[in-house]
Amino acid sequence: MGILYGMVARGQVVLAEFSTIQSNASVVAKQILNKINQGTDNYNDSNVSFSHDRYVFHVKRTDGLTLLCMADEAFGRRIPFSFLEDIHNRFVKTYARAILSAPAYTMNDEFSRVLSQQMDYYSTDPNADRLNRLKGEMTQVRTVMIDNIEKVLERGGRLEMLVEKTSAMNSNSIRFKRQSRRYKNNMWWRNVRLTVALIIIFAIVFYVILAFICHGPLLASCWR
């Protein structure tokens with residue numbers, strides 16, 4: 001059933017309270033107020049719990065206020081104290097310095113509705129449990145991180161493929177340069193051989209013509 005009763009007090013002065021069931025929770029709560037105000041040094045600015053039958057009264061003392069709630073014993077302590085922390089923040093934000101001098105039940109008509117709403121929220125809504133909510137948020141963050149890592153890894157794979165293609169292109173470029181240099185050298189030697197052959201042919205033709213003019217291979221008539 002969750003949280004069944006809630007109360008806000010200054011010392012022993014009850015400022016607001018609300019109960020979802022017909023019970024003696026208000027009477028027991030006032031007894032607890034008397035008890036903790038008799039031992040201020042032991043209970044000031046602290047969180048304590050008191051068992052009563054099958055219920056547990058959870059008490060939070062801070063900033064001169066006492067926040068109290070009654071919950072099922074099986075409901076644990078984490079959610080009730082989260083509820084009390086929430087009620088404290090809302091009460092201080094709403095009434096500020098008026099809390100210091102307000103008579104008993106001054107804020108009850110207005111703030112009892114807030115107590116009712118938040119008691120229902122913390123009793124029924126799974127998001128009210130901060131730990132579970134944080135776990136859910138951490139799960140979401142982890143999921144997003146895993147997705148991002150997968151994207152980075154996938155992008156890394158694509159970059160690796162690009163690097164492989166670039167390496168292949170570099171290898172092909174080096175091979176092409178070597179082949180071009182080899183082809184260029186072959187062409188140069190070919191031109192050299194062709195030039196030498198042309199020179200030899202020109203010399204032979206020139207000699208034949210000269211021998212014809214000089215009436216013999218020894219060119220005797222041309223030396224006279």
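No hydrogens, no waters, no symmetry mates; every other heavy atom, side chains included, goes into these values.
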Please tabulate, for side-chain N and O atoms in residues 103-110, each donor-acceptor pair with protein atoms closer than 3.5 Å (sequence neighbours left out).
{"from": "Tyr105", "atom 1": "OH", "to": "Glu17", "atom 2": "OE2", "distance (Å)": "3.0"}
{"from": "Tyr105", "atom 1": "OH", "to": "Lys30", "atom 2": "NZ", "distance (Å)": "3.1"}
{"from": "Thr106", "atom 1": "OG1", "to": "Pro103", "atom 2": "O", "distance (Å)": "2.6"}
{"from": "Asn108", "atom 1": "OD1", "to": "Glu17", "atom 2": "N", "distance (Å)": "2.8"}
{"from": "Glu110", "atom 1": "OE1", "to": "Tyr95", "atom 2": "OH", "distance (Å)": "3.1"}

Side chains of [X] and [Y]: donor-acceptor distance under 3.5 Å anywhere?
X      : Y     : result
Ser46  : Arg61 : no
Asp63  : His88 : yes
Tyr121 : Asp86 : no

Determine whether [X] and [Y] make a side-chain contact, defined as any pair of heavy atoms from C-beta on separated by less than 4.5 Å.
X      : Y      : result
Cys69  : Phe83  : yes
Ser82  : Tyr122 : yes
Ile21  : Met70  : yes
Tyr5   : Ser26  : yes
Leu65  : Phe91  : yes
Leu198 : Ile200 : no

Would you check if the side chain of [X] reaches a backbone N or O of [Y] as a donor-acceptor pair within less than 3.5 Å?
X      : Y      : answer
Arg10  : Ala102 : yes
Asp72  : Gly2   : yes
Ser116 : Ser112 : no
Ser49  : His58  : no
Thr20  : Leu4   : yes

Search all heavy atoms of [X] against all heavy atoms of [Y] and return the closest pair with its distance.
X     : Y      : answer
Pro80 : Gly76  : CG-O, 3.4 Å
Phe57 : His52  : CE1-CB, 3.8 Å
Ala29 : Leu68  : CB-CD2, 3.7 Å
Phe75 : Ser123 : CZ-CA, 4.0 Å

As an exercise, state the distance from [atom1] of [X] to [atom2] of [Y], rounded to the nearest 0.5 Å.
X      : Y      : atom1 : atom2 : value
Phe111 : Thr94  : CZ    : OG1   : 6.0 Å
Asp53  : Glu73  : CG    : CD    : 10.0 Å
Asn47  : Leu67  : CG    : CG    : 9.5 Å
Leu84  : Ile3   : CG    : CD1   : 7.0 Å
Phe206 : Ile209 : CZ    : CD1   : 8.0 Å

State plainly whether one hydrophobic cluster holds both [X] and [Y], where clusters connect Ile, Leu, Val, Met, Phe, Trp and Tyr through side-chain heavy atoms under 4.5 angstrom apart.
X      : Y      : result
Val27  : Leu115 : no
Leu194 : Phe202 : no
Val56  : Val59  : no

- Query: What's the verdict on side chain to side chain contact (heavy atoms under 4.5 Å, CB included) for Phe50 and Val48, showing C-alpha distance, side-chain angles and the deciding distance?
  - Reply: CA-CA 7 Å; Phe50 301 91; Val48 293; 3.6 Å; yes
- Are Leu33 and Met7 close enough, and set up right, to give a side chain to side chain contact (heavy atoms under 4.5 Å, CB included), and what steps lead you there? CA-CA 11 Å; Leu33 285 181; Met7 183 187 74; 3.4 Å; yes
